[in-house]
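The block underneath contains the structure these notes are about, expressed in structure tokens.
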Amino acid sequence: MATFDDFMKLDIRVGEIVKAEVFEKAKKPAYKLWVDFGEEIGIKGSSAQITECYKIDNLIGKQVLGVVNFPPRQVADFMSEVLILGVYAEQGVVLIQPDQSVSKGSRLG
């Protein structure tokens with residue numbers, strides 16, 4: 001079992017998607033996302049397998065939650081710096097979002 005202290009080790013923040021493009025070199029269908037987590041963290045890249053539920057045009061400006069303190073991971077020719085959180089649903093991966101607009105960089109806790 002994970003403890004509350006284990007959970008608190010994760011730095012989960014709100015970011016806003018500022019750029020998205022099809023990730024041509026990914027093994028599974030995915031997008032390259034650039035997410036702005038505010039002044040403290042800045043813009044970070046992430047590979048996201050969310051193509052079943054989202055079109056690129058609908059992603060720009062969307063607020064999402066991401067783990068910002070995992071080590072970067074090389075995915076094909078792209079460095080994925082954060083893990084964007086989603087739910088594995090029947091229709092595909094559904095992004096986790098705040099239900100109200102909040103400041104970029106706001107911490108989940």
Side-chain angles (χ1 to χ4, degrees):
M1 299 292 291
T3 67
F4 184 73
D5 288 338
D6 292 331
F7 173 74
M8 291 305 294
K9 291 177 186 176
L10 297 176
D11 190 358
I12 301 173
R13 306 280 185 115
V14 173
E16 181 180 315
I17 299 172
V18 295
K19 181 180 175 185
E21 61 186 46
V22 174
F23 193 172
E24 299 286 349
K25 293 186 179 179
K27 290 181 181 178
K28 295 180 181 179
Y31 295 134
K32 292 180 187 177
L33 303 178
W34 286 266
V35 183
D36 184 355
F37 287 95
E39 283 188 32
E40 181 183 347
I41 296 168
I43 296 174
K44 300 291 182 181
S46 183
S47 172
Q49 295 174 357
I50 57 172
T51 58
E52 292 177 321
C53 293
Y54 300 93
K55 301 291 184 218
I56 286 178
D57 296 342
N58 298 345
L59 289 171
I60 306 304
K62 187 175 291 293
Q63 288 194 321
V64 294
L65 289 170
V67 179
V68 299
N69 66 335
F70 280 156
R73 183 174 181 192
Q74 186 78 38
V75 181
D77 64 347
F78 184 70
M79 189 60 72
S80 188
E81 302 170 286
V82 297
L83 175 65
I84 302 303
L85 299 178
V87 176
Y88 292 101
E90 289 179 21
Q91 65 270 40
V93 177
V94 177
L95 294 170
I96 297 175
Q97 308 171 33
D99 71 352
Q100 296 180 24
S101 182
V102 298
S103 298
K104 291 179 262 186
S106 294
R107 186 184 300 249
L108 177 77

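These numbers were taken from a predicted model, which means no experiment stands behind them.
To the nearest 0.5 Å, atoms OG1 (Thr3) and CE (Met8) are separated by 11.0 Å. Taken from SG in Cys53 to CG in Leu59, the straight-line distance is 10.5 Å, to the nearest 0.5 Å. Taking CD of Glu52 as the start and CD of Glu90 as the end, the distance is 12.0 Å to the nearest 0.5 Å. In this structure, CZ in Arg107 is found 7.5 Å from CD1 in Ile41, a value given to the nearest 0.5 Å. Taking NZ of Lys44 as the start and CZ of Arg13 as the end, the distance is 11.5 Å to the nearest 0.5 Å. Rounding to the nearest 0.5 angstrom, the gap separating the CG atom in Leu85 from the CG atom in Leu65 is 6.0 Å.
Side chain of Asp11 to backbone of Asn69: no donor-acceptor contact under 3.5 angstrom is found. No donor-acceptor distance shorter than 3.5 angstrom exists from the side chain of Gln49 to the backbone of Ala30, with no hydrogens or angles considered. At distances below 3.5 Å, at least one donor-acceptor pair connects side-chain atoms of Tyr54 with backbone N or O atoms of Leu95. Side chain of Gln74 to main chain of Ala76: a donor-acceptor pair is present (N/O by atom type, distance under 3.5 Å, no hydrogens or angles).
Taking both residues in full, the closest heavy atoms of Gln63 and Gln100 are given as OE1-O, 3.8 Å, listed atom of the first, atom of the second, then distance. The two residues Ala20 and Ile56 make their nearest non-hydrogen contact at O-CG2, 3.5 Å. Annotation for Lys62 and Gln97: closest pair CD-NE2, 3.5 Å, computed over non-hydrogen atoms. The shortest heavy-atom contact between Ser47 and Ser80 is N-OG, 3.1 Å. Contact detail for Ile84 and Ser46: the closest heavy-atom pair is CG1-OG, 3.4 Å. Residue Ala2 comes nearest to Asp6 through the heavy atom pair CA-OD2, 3.5 Å, listed as atom of the first residue, atom of the second, then distance.
The 12-atom threshold is exceeded at CD of Gln91, counting heavy atoms of other residues, nucleotides or ligands nearer than 6.0 Å.
One hydrophobic cluster, built from ILVMFWY side chains closer than 4.5 Å, cannot hold both Ile12 and Phe37; they sit in different ones. The hydrophobic cluster containing Val22 also contains Ile60, counting ILVMFWY residues as joined when their side-chain heavy atoms lie under 4.5 angstrom apart, directly or transitively. No chain of hydrophobic side-chain contacts below 4.5 Å, direct or via other Ile, Leu, Val, Met, Phe, Trp or Tyr residues, connects Val67 to Val82. By the rule that hydrophobic residues join a cluster once side-chain heavy atoms approach within less than 4.5 Å of another member, Leu108 and Phe4 end up as members of one cluster. Transitive grouping of hydrophobic side chains (ILVMFWY, heavy atoms separated by less than 4.5 Å) keeps Phe70 and Val35 in distinct clusters.
Val93 meets the side-chain contact (heavy atoms from CB on, under 4.5 Å) test with Ile50, Tyr88; sequence neighbours excluded. Contacts of Val18 classified as side-chain contact (heavy atoms from CB on, under 4.5 Å), with partners at least two apart in sequence or in another chain: Trp34, Asp36, Ile43.
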